[in-house]
Student: 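This is the structure I want to talk about, given as structure tokens.
Chain naming here is simple, since letters A, B, ... match the order of the sequence lines and numbering starts at 1 in each. Side chains are part of it too, since the values below use all heavy atoms of this structure and drop only hydrogens, waters and symmetry mates.
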Amino acid sequence: MTTRGGLALRYMLRQKGRTGFVVATYTAAVAVTLLLTSAVVGNEESFIAEVNNLAVNWIYVQPSVPYYRPLTVGDANAIAADVPGITAVAPILWAGGDFTSWSGSGSVITLTGTTGALTSIFAFSKVQGSFDLAPPSTPGAPIPIVLGYQLWTEHDLSVGQTLPAQVVNILPSGGSRPVAVTFVITGLLGPRGTVAQIDLDQAALVPISTLVNLTGQPTLTYIFASAANSGEVQSASNAIDQLLTARHNGTADFSVQNQQSEVQFVLQQIGQFQTIIQLVEMTLLMLSAFSIFVVMTMAVKDRRREIGVLRALGAERADVMVQFLLESGLMSVVGMGLGVGLGTIAVRYLKQTGTGFYSALVTNPIDLGFYFVELLAVLWFVGFLFSLLPAYQASRLEAVEALREM
Amino acid sequence: MAGGSPEGEVPVALLRDVRKTYGQGAAAVHALQGVDLKVERGEFVAIMGPSGSGKSTLLHILGCMDVPSSGEVAIDGVPVPRESDSERTRLRSERIGFVFQSFHLLRDLTVRENLELPRIYLRHREGKELPSAEELIAKVRLPKKLLDRYPTQISGGEAQRVAIARALSNAPSLLLGDEPTGNLDTVNSEAVMQVFEHLWSEGATIVLVTHNPEVAERAQRVVRVGDGRIVREEFHSRRPPAEALAPKEGSAQGEGTP
Ligand SMILES: Nc1ncnc2c1ncn2[C@@H]1O[C@H](COP(=O)(O)OP(=O)(O)O)[C@@H](O)[C@H]1O
Ligand SMILES: [Mg+2]
């Protein structure tokens, strides 16, 4: 039985080039949007999880220039002594090519030189042992080490165990000077996850003074501190800023951050990303609307005679309009279907092959939730709106005019 | 129209003082200048006249495709409204079959789909039993195997007969043709005319515009149009074959005997 939908389909198939144009713009619009949306939704979730993982009272001092190390243990001590409202300060000497390899396990891990205060600043749960990270009383005695959750569970380690190791200090000349040491496990930490892009479950905490001695590096990577309560975070941050500026002879070669500024930063980044996405979406939307408008307008021009035939055979103006709307609707739906398919394949591929940003992609479009459905609806509706005018023009054609024999 | 009244009571088409003017002022073209025409049920009328004399305009008004500037038109006794396009379309959909000079089959649809096309828009069947695609193709004396072909895969003569079959798919009261043989050679013209005669013999009411005297010969009545007016009417003694003269119960069109 002949139907309006069947007729629309035939016309779509006849104008392969034009149909392809509309379908392709819709496919591209939906696929790109799907990709961007799944990136935002996925990464937003992990960003927010990380930010929420920060302790609310958390303050953080870092060099303002990467690889430049103006902070010292003295700075950390001064903050602890002089800044009101500060309850704990932990100096951190971290990464920078200081590795140890454990004979037996063959693992290469990053050592974090710090004090026992760090466990309270980061609000670690303590599974077993002591966590004060006091330096060994006699030279050559085993060095206390506190291990992150993943480290000790993965290597099946326990408190009291000694770990023969080599601390490899990369020299400025590019060579290295391995130092043989023995660690003794004093504490095991509970799971904590990633905070401020540091995977705390991989932490290997050792006394700061010991690591300074072993590496011969007197300056710090960061200083972490915590305020007594969230209300004092901002004033304590300001006080730290003033104190360190004075200690550094007036140069602000560091910056002071806290949980609140970090939240703002993350939200600002997400906001910027969303603005870019919205711009891209708007552009794709306009392109889709434009393509459907142009193609439908051309279709109406080409098909004057056929419109006349339909009218002569009993089609009302509304029937003609419905016929063209059906055709444009069918094209956009086909394009959107292909877009969802193609976008999903692309997302899956990127997630499988990529890391970090890509690994947070949301692979199931259904999980993108209402936002994506809304977007599809808007896309479809805009196509509908932009085919209204051509469809209306088609319906206004007079049968007699359209069929005039020349 | 239900009740199967014999010819004479309600004419299939009635035009009273129909005028049609295109354009305005000095540029106005008076295509029809007062036409009175009555088409009885079962009649076969040919309209002849020089080019530009208003034949097509008259046929379009008869077929509810166009409205007169003034005057009255009624189809099956139903007045054709001048204002409402959709009411006129409905009248056309239910009661009119139209055949064009250049066939106007939709090339993306098969013959069968072309035949079924008018049904999409037919809202009220008025209890009419509508013929199937197979019945329609048989009415115009074409083989059933043509049903699955596309218009590009059949000859011009076959296409015009398919177009006639399509015009019959709503079982119309009035079958109209504007120069239906105008694009055909002699052999195909003859085949098409035989189809019209056959339909007439089955009770169809037919009005054809033609400038071919041989085509007009076959009609019962020839209406000559000149300059927007009916200038002369000729009545031929021709009658449809006797077997088909008796009107069928419930349908002026008749079910026919293929
Ligand atoms: N839409 C129109 N606008 C202006 N003039 C028209 C229009 N349609 C027909 N005419 C004019 O009306 C007259 C009758 O046309 P038509 O009915 O097509 O004649 P025929 O079919 O007998 O050749 C012609 O002069 C024609 O040019
Ligand atoms: Mg004409």
Student: Within a reach of under 6.0 Å around CG of A:Asp302, are more than 12 heavy atoms found that belong to other residues, nucleotides or ligands?
Tutor: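 For A:Asp302, atom CG is crowded (more than 12 foreign heavy atoms under 6.0 Å).
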Student: Heavy-atom count around B:Phe196 CZ within 6.0 Å, excluding the residue itself: above 12?
Tutor: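 Above 12, so yes.
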Student: Please indicate whether B:Glu214 has more than 12 foreign heavy atoms, meaning atoms of other residues, nucleotides or ligands, lying under 6.0 Å from its CD.
Tutor: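 Incorrect, the count does not exceed 12.
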Student: For a 4.5 angstrom cut-off between non-hydrogen side-chain atoms, does A:Leu7 reach B:Leu106?
Tutor: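 Answer yes - side chains close enough.
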Student: Which of the residues B:Glu179, B:His60, B:Met65, B:Arg123 is involved in the greatest number of heavy-atom pairs with chain A at under 4.5 angstrom?
Tutor: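 With the most close heavy-atom pairs to chain A, the winner is B:Arg123.
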Student: Taking all non-hydrogen atoms of both residues into account, name the closest pair between A:Ala315 and B:Arg92 and its distance.
Tutor: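 That closest heavy-atom pairing would be O-NH2, 4.3 Å.
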Student: At a 4.5 Å cut-off on heavy atoms, which part of B:Leu109 comes close to chain A: side chain, backbone, both, or neither?
Tutor: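 Both backbone and side chain of B:Leu109 come within 4.5 Å of chain A.
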Student: Other residues, nucleotides and ligands only: do more than 12 of their heavy atoms fall within 6.0 Å of CZ on B:Arg149?
Tutor: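 Atom CZ in B:Arg149 is packed in, count exceeds 12.
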Student: State whether the number of non-hydrogen atoms from other residues, nucleotides or ligands found under 6.0 Å of A:Phe290 atom CZ is greater than 12.
Tutor: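 Open.
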Student: For the interface with chain B, which of A:Ala399, A:Ala312, A:Ala318 has the highest count of heavy-atom pairs at distances below 4.5 Å?
Tutor: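 Most pairs with chain B among the choices: A:Ala312.
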Student: Hey, are the side chains of A:Val400 and B:Thr57 touching, using non-hydrogen atoms and a 4.5 Å cut-off?
Tutor: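 With C-beta onward as the side chain, the pair stays apart.
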Student: What do the steps show when you test A:Leu310 against B:Leu117 for side-chain contact (heavy atoms from CB on, under 4.5 Å), and what is the final call?
Tutor: CA-CA 8 Å; A:Leu310 294 185; B:Leu117 190 60; 3.7 Å; yes
Student: Sort out for me which residue in A:Arg14, A:Arg10, A:Arg303 forms a salt bridge (Lys or Arg N to Asp or Glu O under 4.0 Å) with B:Asp108.
Tutor: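 One option only clears the test, and that one is A:Arg14.
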Student: In terms of heavy-atom contacts, does CE of A:Met286 have more than 12 from other residues, nucleotides or ligands at under 6.0 Å?
Tutor: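 Check fails, neighbour count at 12 or below.
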Student: Step through the shown structure and confirm whether more than 12 heavy atoms of other residues, nucleotides or ligands are within 6.0 Å of CD on B:Gln153.
Tutor: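 Counting other residues, nucleotides and ligands, CD of B:Gln153 exceeds 12 neighbours.
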Student: Work out which heavy atom in A:Gly314 is nearest to a heavy atom in B:Thr89; give both atom names and the distance.
Tutor: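 In terms of heavy atoms, the two residues are closest at O-CG2, 3.3 Å.
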Student: Using a cut-off of under 4.5 Å for heavy-atom pairs, which of B:Arg112, B:Arg90, B:Arg166 has the most such pairs with chain A?
Tutor: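 Top count of heavy-atom pairs under 4.5 Å with chain A: B:Arg166.
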Student: With side chains defined as the heavy atoms from C-beta onward, is the minimum distance between B:Asp85 and A:Arg311 less than 4.5 Å?
Tutor: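 A side-chain contact under 4.5 Å exists here.
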Student: State the OG1-CD distance between A:Thr3 and B:Glu113, to the nearest 0.5 angstrom.
Tutor: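 Here the interatomic distance stands at 8.5 Å.
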Student: Heavy atoms only: give me the nearest A:Leu403-B:Phe100 pair and the separation to one decimal.
Tutor: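 That closest heavy-atom pairing would be CD1-CE2, 3.5 Å.
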Student: So does B:Tyr150 have more than 12 non-hydrogen atoms from other groups sitting under 6.0 Å from OH?
Tutor: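 Correct, the count exceeds 12.
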Student: With a 4.5 angstrom heavy-atom cut-off, could you sort out which part of A:Gln323 is near chain B: side chain, backbone, both or neither?
Tutor: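 The answer is the side chain of A:Gln323.
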Student: Looking at every heavy atom in both B:Ser102 and A:Arg305, which two are closest together, and how far apart are they?
Tutor: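 Reported closest heavy-atom pair: OG-NH1, 4.1 Å.
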